[in-house]
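The next block holds one structure in the form of structure tokens; read it before the comments.
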Amino acid sequence: MISSQLRVTLAGALILSSVPASAQDQSTLVPIAGVWSLGETRSCDSGPAWVFFADGYYAEVQLPDGAPAAVGIWRDEGDAIAYTHAHMPFEGHERPMRVRHLTIEERTAEKLTTRSYRGVTRTFHRCPANSLKVPAGQDAH
């Protein structure tokens, strides 16, 4: 006969084993919020970058001081980044955007290697926050 304490322990183990590892302990994951250059090599002085804001928004920009070329919302799912993506000039804004996923294949404090929903590898490199500059002629807020 199995004791009630052992039954509870076994039930808890079965429940945890059915939850994906990415959802079990989000606290150990490297945070994504920040400025990330996009490309095979780190380029924080110029080139394309995604700025992931901690409140769930992001902007695709050209470093160091480009205006956003695309915007969206994002969510860290542990093994993927769920996101929406709208390019300038934001045509089609009257319809909800599709949620897409970047599957995370490598995740360190300095590098994210992802695969898009189309199977394309995208590599992001963390940049210092000051990599993004205020555009010339615009006052800082």
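Side chains are part of it too, since the values below use all heavy atoms of this structure and drop only hydrogens, waters and symmetry mates.
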- Message: Show every disulfide (SG to SG under 2.5 Å) that has at least one partner inside residues 28-114, sequence neighbours left out.
- Response: Cys44-Cys127
- Residue pairs passing the disulfide (SG to SG under 2.5 Å) test where at least one lies in residues 76-112, sequence neighbours excluded: none
- Query: Quick one: side chain to side chain donor-acceptor pair (under 3.5 Å) partners of Tyr83, sequence neighbours excluded?
  - Reply: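 Tyr83 satisfies side chain to side chain donor-acceptor pair (under 3.5 Å) with no residue once adjacent residues are dropped.
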- Message: Tell me every residue that passes side chain to side chain donor-acceptor pair (under 3.5 Å) with Tyr57, counting only those two or more places apart in sequence or in another chain.
- Response: none
- Item | By salt bridge (Lys or Arg N to Asp or Glu O under 4.0 Å) - contacts of Arg100 (at least two apart) | none
- Would one find more than 12 heavy atoms of other residues, nucleotides or ligands at under 6.0 Å from atom CD of Glu40? no
- Item | Plane angle bin for Tyr58 and Trp50 - parallel if under 30°, tilted between 30 and 60°, otherwise perpendicular |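 Rings of Trp50 and Tyr58: parallel, as their planes differ by under 30°.
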From [X] [atom1] over to [Y] [atom2], what is the distance, rounded to the nearest 0.5 angstrom?
{"X": "Arg107", "Y": "Ile81", "atom1": "CZ", "atom2": "CD1", "answer": "7.0 Å"}
{"X": "His85", "Y": "Arg98", "atom1": "NE2", "atom2": "CZ", "answer": "11.5 Å"}
{"X": "Arg75", "Y": "Ile32", "atom1": "CZ", "atom2": "CD1", "answer": "11.5 Å"}
{"X": "Leu38", "Y": "Phe124", "atom1": "CG", "atom2": "CZ", "answer": "5.0 Å"}

Least distance between heavy atoms, [X] atom then [Y] atom:
{"X": "Ala109", "Y": "Val30", "result": "CA-CG1, 3.5 Å"}
{"X": "Pro31", "Y": "Trp36", "result": "O-CZ2, 4.3 Å"}
{"X": "Met97", "Y": "Thr84", "result": "CE-OG1, 3.6 Å"}

- Query: Under the side chain to side chain contact (heavy atoms under 4.5 Å, CB included) criterion, do Leu63 and Asp45 qualify, and how do the steps go?
  - Reply: CA-CA 6 Å; Leu63 294 175; Asp45 296 324; over 6 Å; no
- Message: Under a 3.5 Å distance rule, please check whether Ser116 uses its side chain to pair with a backbone N or O of Val120 as donor and acceptor.
- Response: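 Between the backbone of Val120 and the side chain of Ser116 there is a qualifying donor-acceptor contact (under 3.5 Å).
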- Query: Judged by atom type as modelled, is there a donor-acceptor pair below 3.5 Å linking the side chain of Thr113 to the main-chain atoms of Glu105?
  - Reply: no
- Message: Ignoring hydrogens and geometry beyond distance, is a side-chain donor-acceptor pair present between Thr121 and Arg115 at under 3.5 Å?
- Response: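 Note: Thr121 and Arg115 side chains meet the donor-acceptor criterion.
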- Query: Do we see a donor-acceptor contact under 3.5 Å between the side chains of Glu77 and His101?
  - Reply: yes
- Query: Is Val71 isolated, or which residues cluster with it under the ILVMFWY side-chain rule of less than 4.5 Å, directly or via members?
  - Reply: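 Besides Val71, the cluster holds Met88, Phe90.
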- Query: Can you list the steps and then say if Leu132 with Val51 is a side chain to side chain contact (heavy atoms under 4.5 Å, CB included)?
  - Reply: CA-CA 9 Å; Leu132 190 58; Val51 182; 3.9 Å; yes
- Item | Hydrophobic cluster identity match, Phe53 and Leu112, side-chain contacts under 4.5 Å | no
- Task: Dump the intermediate steps for side chain to side chain contact (heavy atoms under 4.5 Å, CB included) on Ile104 and Leu102, then the final yes or no.
- Result: CA-CA 6 Å; Ile104 298 173; Leu102 290 172; 5.8 Å; no
- Message: With heavy-atom distances below 4.5 Å as the criterion, would you say the side chains of Pro48 and Gln62 are in contact?
- Response: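 Yes. Closest side-chain heavy atoms under 4.5 Å.
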